[in-house]
Protein chains: 2
Amino acid sequence: MLIPDAYSADCPTRQVLDRVADKWAVLLLGLLSREPMRFNRLRRTVEGLSQKVLAQTLRSLERDGLVTRSVFPTVPVTVEYAITPLGMTLAQTVDQLRIWAETHMPEVAACQRRYDAARAEAA
Amino acid sequence: MLIPDAYSADCPTRQVLDRVADKWAVLLLGLLSREPMRFNRLRRTVEGLSQKVLAQTLRSLERDGLVTRSVFPTVPVTVEYAITPLGMTLAQTVDQLRIWAETHMPEVAACQRRYDAARAEAA
DNA sequence: CCTTGATGGTTTCCGATGGATACCAAGTTG
DNA sequence: CAACTTGGTATCCATCGGAAACCATCAAGG
């Protein structure tokens with residue numbers, strides 16, 4: 001089987017890929033792989049991420065066994081998110097993606113400018 | 001700088017990550033890294049991918065310099081998509097993601113079942 | 001005392017996005 | 001001439017994501 005089953009719609013792998021190929025999940029796993037963090041600190045660190053989507057994404061990651069959620073009855077309540085061993089294996093993979101983006105960003109931006117310029121003069 | 005700038009909203013890296021952390025882009029790059037393919041064959045191979053989103057995704061990938069689009073004036077017209085050297089470097093990275101999903105899918109599914117069971121008995 | 005602030009969310013509203021479907025032009029085949 | 005192929009675009013509608021408001025709890029400050 002040269003082409004694995006991620007390409008068939010009913011394969012569970014597809015669902016895993018859905019979760020994993022998410023911008024916010026990539027950034028959150030990258031952060032949590034360094035150290036456990038709390039809700040509002042994650043929120044402040046990842047610019048542009050709303051509370052709602054942060055809560056949703058963290059719950060998905062928790063359901064998938066990639067992060068743990070620990071509540072401490074302090075005041076105000078403290079909720080700490082930490083990465084699991086399974087999540088750590090994924091974090092190493094997705095971090096390559098972030099590194100690729102940071103490395104090749106100038107080249108991609110140059111291609112975009114060329115593409116846009118070509119289309120502008122065609123119009 | 002321990003935490004790179006992908007976490008700031010205005011960094012171009014974020015835009016690159018947006019494109020790259022996309023389920024369909026991952027699957028398409030995986031296919032095109034093996035061989036050039038035409039529009040409808042991609043559409044048939046990637047189950048669940050609509051024509052509209054396929055066209056949008058391919059145009060984004062072309063704009064980013066990751067794939068090339070070649071039109072041959074046959075009848076009916078033939079349009080072939082091929083990966084670029086830049087796209088090849090990315091394909092190797094995102095393929096790790098697909099492989100991770102296929103490898104760890106059973107473990108993730110088990111975590112999901114445990115999570116759902118725990119929530120069901122709590123309710 | 002009572003407002004302000006922090007904690008970690010949920011709810012509401014609205015604009016953007018994605019999927020399904022129909023449609024298009026060109027031309028070959030039945 | 002009708003149907004089917006190619007590679008799309010246009011339209012409609014459901015869902016999704018972001019912005020902002022709201023919630024409870026308690027601590028500190030005026």
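At dT9(D), one or more side-chain N or O atoms of Arg59(B) fall inside 4.0 Å of OP1 or OP2 (strictly under the cut-off).
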Decide yes or no on side-chain contact (heavy atoms from CB on, under 4.5 Å) for Leu17(A) and Leu27(B), but give the supporting numbers first.
CA-CA 9 Å; Leu17(A) 191 59; Leu27(B) 292 172; 3.7 Å; yes

Give the C-alpha distance, both sets of side-chain angles, the deciding distance and a yes or no for side-chain contact (heavy atoms from CB on, under 4.5 Å) between Leu54(B) and Leu28(B).
CA-CA 9 Å; Leu54(B) 174 57; Leu28(B) 290 175; 3.8 Å; yes

Might you work through the side-chain contact (heavy atoms from CB on, under 4.5 Å) test for Leu32(A) and Leu42(A), ending with a clear yes or no?
CA-CA 9 Å; Leu32(A) 293 176; Leu42(A) 288 169; 4.1 Å; yes

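Linking ILVMFWY side-chain heavy atoms closer than 4.5 Å, directly or via other members, places Phe72(A) and Val75(A) in two distinct hydrophobic clusters. Criterion: ILVMFWY side-chain heavy atoms under 4.5 Å apart, direct or through other members. Under it, Val26(B) and Tyr7(A) are part of a common hydrophobic cluster.
Spacing between atom CG of Leu58(B) and atom P of dG7(D) amounts to 11 Å, rounded to whole angstrom units. Separating the CG atom of Asn40(B) from the P atom of dT9(D) is a distance of 13 Å, rounded to the nearest angstrom. Rounded to an integer number of Å, the gap from Gln51(A) CD to dA21(D) P is 12 Å. Rounded to whole angstrom, the span from the CD atom of Glu80(B) across to the P atom of dG8(D) amounts to 13 Å. In this structure, the CG atom of Leu54(B) is 14 Å from the C1' atom of dT6(D), given to the nearest Å.
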Would you tabulate the pairs of protein nitrogen or oxygen atoms and nucleotide nitrogen or oxygen atoms of nucleotides 25-30 of chain D closer than 3.5 angstrom?
none

Between N or O atoms, less than 3.5 Å apart, protein on one side and nucleotides 13-19 of chain D on the other: list the pairs.
residue	atom	partner	partner atom	Å
dG18(D)	OP1	Trp24(A)	NE1	3.3
dG18(D)	N7	Lys52(A)	NZ	3.4
dG18(D)	O6	Lys52(A)	NZ	2.3

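Note on Phe72(A): nothing from the nucleic acid sits closer than 4.0 angstrom, heavy atoms only. Across all strands, Arg43(A) comes closer than 4.0 Å to no nucleic acid atom at all (heavy-atom distances).
Arg38(B) contributes no side-chain N or O that, together with a main-chain N or O of Tyr81(B), makes up a donor-acceptor pair within less than 3.5 Å. No donor-acceptor distance shorter than 3.5 angstrom exists from the side chain of Arg98(B) to the backbone of Val94(B), with no hydrogens or angles considered.
Looking at residues two or more places apart in sequence or on another chain, you find no ring pair (Phe, Tyr, Trp, His ring centres under 6.0 Å) involving Trp24(B).
What you find for Arg41(A) and Met37(A) is that their closest heavy atoms are CG-CE, 3.3 Å. Taking all atoms of both residues into account, the shortest heavy-atom contact from Gly65(A) to Thr84(A) is O-OG1, 2.7 Å. Of all the heavy atoms in Leu66(B) and Trp100(A), the pair that sits closest is CD2-CH2, 4.0 Å.
Note that the two end axes of the helix from dC1(C)-dG30(D) to dG30(C)-dC1(D) enclose an angle of 30°, each drawn from 5 base pairs, rounded to 10 degrees.
Remark: Asp95(A) CG to Thr93(B) OG1 distance equals 11.5 Å, nearest 0.5 Å.
When DNA chain C is scanned in the 5' to 3' direction for atoms under 4.0 Å from non-hydrogen atoms of chain A, the outermost contacting nucleotides are dA6(C) to dT12(C).
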Could you list the donor-acceptor pairs under 3.5 angstrom formed between side-chain atoms of residues 105-118 of chain B and any protein atom two or more places apart in sequence or on another chain?
residue	atom	partner	partner atom	Å
Gln112(B)	NE2	Asp64(A)	OD1	2.7
Asp116(B)	OD1	Arg63(A)	NH1	2.9
Asp116(B)	OD2	Arg63(A)	NH1	2.5

